[in-house]
Amino acid sequence: MEDKRNIQIIEWEHLDKRKFYVFGVCMTMMIRVSVYPFTLIRTRLQVQKGKSLYNGTFDAFVKILRAEGAAGFYRGFLVNTFTLISGQCYVTTYELTRKYVSKYSDSNTVKSLVAGGSASLVAQSITVPIDVVSQHLMMQRRSESMGRFKVHDQSSKRLPVFGQSKDIISQIFRADGLRGFYRGYVASLLTYIPNSAVWWPFYHFYAEQLSRMSPKDCPHLVLQAISGPLAAATASTLTNPMDVIRARVQVEGKSSIILTFKQLMAEEGPWGLTKGLSARIISATPSTIVIVVVYETLKKLSLRPELVDSRHW
């Protein structure tokens, strides 16, 4: 068992995989429900031209609530739940890659960097088509659409929510074919692989530094819960420019990352690259605390029976 600055890391071989996946799906769903409204706000802020609709995160929250009600924060949510599959692929790839890299390096930073990037590559290959559809649904306001496609009236249908998803999927396919569902794939990789690769090393780095400064009797879970948001804020700040470009490529149907970047700089200047950052950090802070606490607790709950009482976790 690896002990890094007195914070023990539970590795893949110590887990009961059946418990890990069952608990993981339930806990991931709980997290998605809590952070989705800020994901929607962040996407709308990134796509809007200048401040044509919203002046910031709080302004967007108030306006969406007034105009669309609480349900407006969950546009595209049902489609987005299919990313639960990619979430499980992410953690599996992360843990297996850590195990593989450990054969060649004992450095926790190296293992985290390689595993985080690899996990994001696998997850994004599954997530991008789901993201493309859910983001177009996020752009549907009560009377208009902020994106390329507008959902037709679904009031006469028995299942209007699924009807909206089917409508958007049909429009994307008619306009762009199958390639349309992978629009922005490269931009997504350039956003989330660095984000994931940076998050894990910073998470362990902050945990180690806090462990040095904190009293010996301070619970490790508390240190990890603080380290998570710090790592998320760091990673979000570093990768937000590409995230803005990714959102515009996917929603506006652009085909060039470079041209999208040039257009953004010409229209809004360098500050355009920070759009949605506050919403991203606000959503990341509570969600990362939950993710870290849940993930670390999940791994403890998923320990193989013979290891439960053999160590102090």
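Residues take their numbers from the sequence shown, with the count starting at 1.
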Is there a donor in the side chain of [X] and an acceptor in the side chain of [Y], or the other way round, less than 3.5 Å apart?
X: Thr81; Y: Arg32; result: no
X: Glu208; Y: Ser227; result: no
X: Tyr94; Y: Ser120; result: no
X: Tyr206; Y: Thr234; result: yes
X: Gln48; Y: Arg44; result: no
X: Thr57; Y: Ser278; result: yes
X: Thr127; Y: Tyr192; result: no
X: Thr239; Y: Arg246; result: no

Over all atoms of both residues, closest heavy-atom pair of [X] and [Y]:
X: Pro201; Y: Ser112; value: N-CB, 3.8 Å
X: Gly72; Y: Leu40; value: O-CD1, 3.3 Å
X: Asp167; Y: Lys150; value: OD2-O, 4.2 Å

- Message: With a 4.5 Å cut-off on side-chain heavy atoms, are Val122 and Tyr90 touching?
- Response: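 No - every pair of side-chain heavy atoms lies 4.5 Å or more apart.
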- Side chain proximity check, Gln263 to Glu267, heavy atoms < 4.5 angstrom: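 When only atoms from C-beta onward are counted, Glu267 and Gln263 do touch, with a gap below 4.5 Å.
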Check [Y] with [X], please: is the shortest side-chain N to carboxylate O separation under 4.0 Å?
X: Asp243; Y: Arg42; answer: yes
X: Glu68; Y: Lys63; answer: no
X: Lys49; Y: Glu252; answer: yes

Establish whether [X] and [Y] are linked, either directly or via other cluster members, by ILVMFWY side-chain heavy-atom contacts under 4.5 Å.
X: Tyr36; Y: Ile282; result: yes
X: Val251; Y: Leu273; result: no
X: Tyr100; Y: Val91; result: no
X: Val128; Y: Val249; result: no
X: Ile281; Y: Ile289; result: no

- Intermediate values then yes/no, salt bridge (Lys or Arg N to Asp or Glu O under 4.0 Å), Asp106 and Lys111: CA-CA 8 Å; Asp106 292 328; Lys111 288 190 286 186; 5.8 Å; no
- Applying side-chain contact (heavy atoms from CB on, under 4.5 Å), run through Cys89 and Ile126 and close with a yes or a no. CA-CA 9 Å; Cys89 291; Ile126 302 170; 3.6 Å; yes
What's the separation between atom [atom1] in [X] and atom [atom2] in [Y], rounded to the nearest 0.5 Å?
X: Leu259; Y: Arg248; atom1: CG; atom2: CZ; answer: 14.0 Å
X: Phe202; Y: Leu113; atom1: CZ; atom2: CG; answer: 10.5 Å
X: Arg174; Y: Ile172; atom1: CZ; atom2: CD1; answer: 10.5 Å
X: Ile41; Y: Gln46; atom1: CD1; atom2: CD; answer: 12.0 Å

- Parallel, tilted or perpendicular: which describes the rings of Phe61 and Phe73, with under 30° parallel and over 60° perpendicular?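 Ring orientation of Phe61 relative to Phe73: parallel.
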- For the pair Trp199 and Tyr203, name the ring-plane relationship: parallel under 30°, tilted 30 to 60°, perpendicular over 60°.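 Correct class here is parallel.
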- Counting only N and O atoms by type, is there a donor-acceptor contact under 3.5 Å from the side chain of Thr260 to the main-chain atoms of Ile245?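 Side chain of Thr260 to backbone of Ile245: no pair is present.
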